[in-house]
Protein chains: 2
Amino acid sequence: MFKKAKQSRVFQDVVEQIQDAIINGKLSPGTKLPPERELKDRFNTSRGTLREALRVLEQKGLIEIKLGVSGGAIVKRIDAEPVVESLALLIRSGGVSLEHLAEFRIKIEGSLVELAATRATKKDIKALEALFNQAKACYKKNDWGNFLKIDEKMHTYIGTMTRNPVFQFVQKSIHDNIHPYYEEYLPMNKKRTLENLTDFEKIIDAMKVNDAKAASAIIMDHVKRFSDKMQEKINRSN
Amino acid sequence: MFKKAKQSRVFQDVVEQIQDAIINGKLSPGTKLPPERELKDRFNTSRGTLREALRVLEQKGLIEIKLGVSGGAIVKRIDAEPVVESLALLIRSGGVSLEHLAEFRIKIEGSLVELAATRATKKDIKALEALFNQAKACYKKNDWGNFLKIDEKMHTYIGTMTRNPVFQFVQKSIHDNIHPYYEEYLPMNKKRTLENLTDFEKIIDAMKVNDAKAASAIIMDHVKRFSDKMQEKINRSN
DNA sequence: CTATTCTAATGGTTAAACCATTCGATAATC
DNA sequence: GATTATCGAATGGTTTAACCATTAGAATAG
């Protein structure tokens, strides 16, 4: 019924005032706040208390601090970074196993690719084909490091094709947390890289003929196959 | 290639050390950190700097502070609150629309219910039926407030049936952000409550006969129908 | 004109003190 | 003896004043 009453902490009041000003557009991205020594007078508080407020605002992703003369607190454009960070923290310390992550990833990538395929434009297909060709070149040169980077770019690009930021930042949070496992347990080699490449070609082909369900099925199978392989490796190494 | 070099801010180092200890389980939920005056000596820093670190940890949802004697920083059980809060900021600033949220919710609830149905035990079905009967009683008494609470409990319970915390975290993050809009634009009435109730009965029935795909389809249709109604209301009110 | 050095503005840190809240011990009261 | 009131100490919250570290731009040297 009721929310916890406002705690009587001065720095929280400062946080609220500045946050509201940013959300209401009274402070636009790029705007520089006055220096600490001036702000503290405006809010009629001490520098220590003001700085605690700035730390909170910084952590919320609302401002960033620059050093030196003409430095200070600058209003940031609000982006998904705090969501990604807090979701990542939840995953890392919330009793989440690799199996949990993989299971979720199969579903979310399936939904995401289906939506992306539905909304794919010719420009999107061309962009994906360009990335695919870069990946193919890496495959031929046995350049696994760059292959993985381009692979990630393809995933990210497909994320943008959904035109829905929620899918994008959930995808990023999962990817950021699952990637270290891949690096450790499933290093790329010629065979795996080719398998990866083939799957992506199939996805692009399905998108070309507007077969969203097929594209979705391929990515889900792809993620599942690689997750299973990794799980197998981990089980054997234990 | 490279990440931005670690800024030379003492409080960030303190944050990292405490955060790592929490993530690694060296500090369990409920553990009380030493008082500020002792911590500052342990980290060989000043109280002001230490307190800036505590503000960041507090904002990350890792600790909470209690006042008075035997007060201090207590390690929190990790939950979705920081994700909910940062997502709410993103929504309020216009980075994410209600349509984005609804579109994502349809997919995630679909996946979640499918998985839950696959793993449903007889005990789960009984628990859902008990909740369903409570909801039915509220319906008969025209008690919309409690109906909504039980409705949320049913969703949450189905989340636990996935046995996968990632689904539960994401479900809660989305739900908590979409709920206020439902309250504002789609107040419950006899007709809507019955529709809601009927959908849930169908889902339980599908789970009873182990038809996960059907359960998934019903919840997706359910979420879509209610989202569309709300969007319509919002459009008309603008 | 370029390169170097200096200067001052600004965030980062420290120290010491005092205020405010809370819990438990002690005392007063019934 | 049980209950209530009072008090004291531990702990977070705030303030002040000073100094350190970084940086942009001005002044200076070549």
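Note that these values count all heavy atoms, side chains included, but never hydrogens, waters or copies made by symmetry. Every chain is numbered from 1 and lettered A, B, ... according to where its sequence line falls, protein lines coming before strand lines. As the structure is a computational prediction, the values presented were derived from the model and not from experiment.
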* Do any side-chain nitrogens or oxygens of A/Ser8 fall under 4.0 Å of OP1 or OP2 in C/dA20? -> no
* Structure fact -> A/Ser46 has its side chain closest, among C/dC18, D/dT16, C/dT13, to D/dT16
* Structure fact -> Atom CD of A/Glu38 and atom C1' of C/dA9 are separated, to the nearest Å, by 12 Å
* For A/Arg51 and C/dG12, is the shortest distance between a side-chain N/O and OP1 or OP2 below 4.0 Å? -> yes
* Whole-Å distance separating the CD1 atom of A/Ile74 from the C1' atom of C/dT10 -> 12 Å
* What heavy-atom pair brings B/Ser173 and B/Val84 nearest, and what distance separates the two atoms? -> CA-CG2, 3.7 Å
* Asked: Is A/Glu81 salt-bridged to A/Lys172, going by a charged N under 4.0 Å from an acidic O?
  -> no
* Euclidean distance, atom CD of residue A/Gln12 to atom C1' of D/dT14 [Å, nearest integer] -> 14 Å
* Under 4.0 Å between a side-chain N or O of A/Ser70 and OP1 or OP2 of C/dT10? -> no
* Is A/Glu103 salt-bridged to A/Lys107, going by a charged N under 4.0 Å from an acidic O? -> no
* Closest to side chain of B/Glu52, choosing from D/dT11, C/dT13, D/dG13 -> C/dT13
* Would B/Phe167 and A/Phe104 count as a close aromatic pair, with their ring centres under 6.0 Å? -> yes
* **d(CG, A/Leu39; P, C/dA9) in whole Å** => 17 Å
* Could you tell me if the ring centre of A/Tyr182 sits under 6.0 Å from that of A/His175? => no
* Output the single nucleotide from C/dC23, C/dT13, D/dG13 whose closest atom is nearest the side chain of B/Val69. => C/dC23
* Structure fact -> Against the side chain of B/Thr49, the closest entry in C/dG11, C/dT14, C/dT21 is C/dT14
* Is a donor-acceptor pair below 3.5 Å formed from side chain A/Arg37 to base C/dG11, judging by atom type as modelled? -> yes
* Roughly how many Å is it from CZ in A/Phe11 to P in C/dC19, rounded to a whole number? -> 21 Å
* To do: Starting from P on D/dT14, measure out to CG on A/Asp13 and report it in whole angstrom.
  => 10 Å
* Asked: So, is B/Arg55 near the phosphate of D/dG13, with a side-chain N or O under 4.0 Å from OP1 or OP2?
  -> yes
* To do: Give the rounded distance in Å between these two atoms: CZ of A/Arg47 and C1' of D/dC20.
  => 11 Å
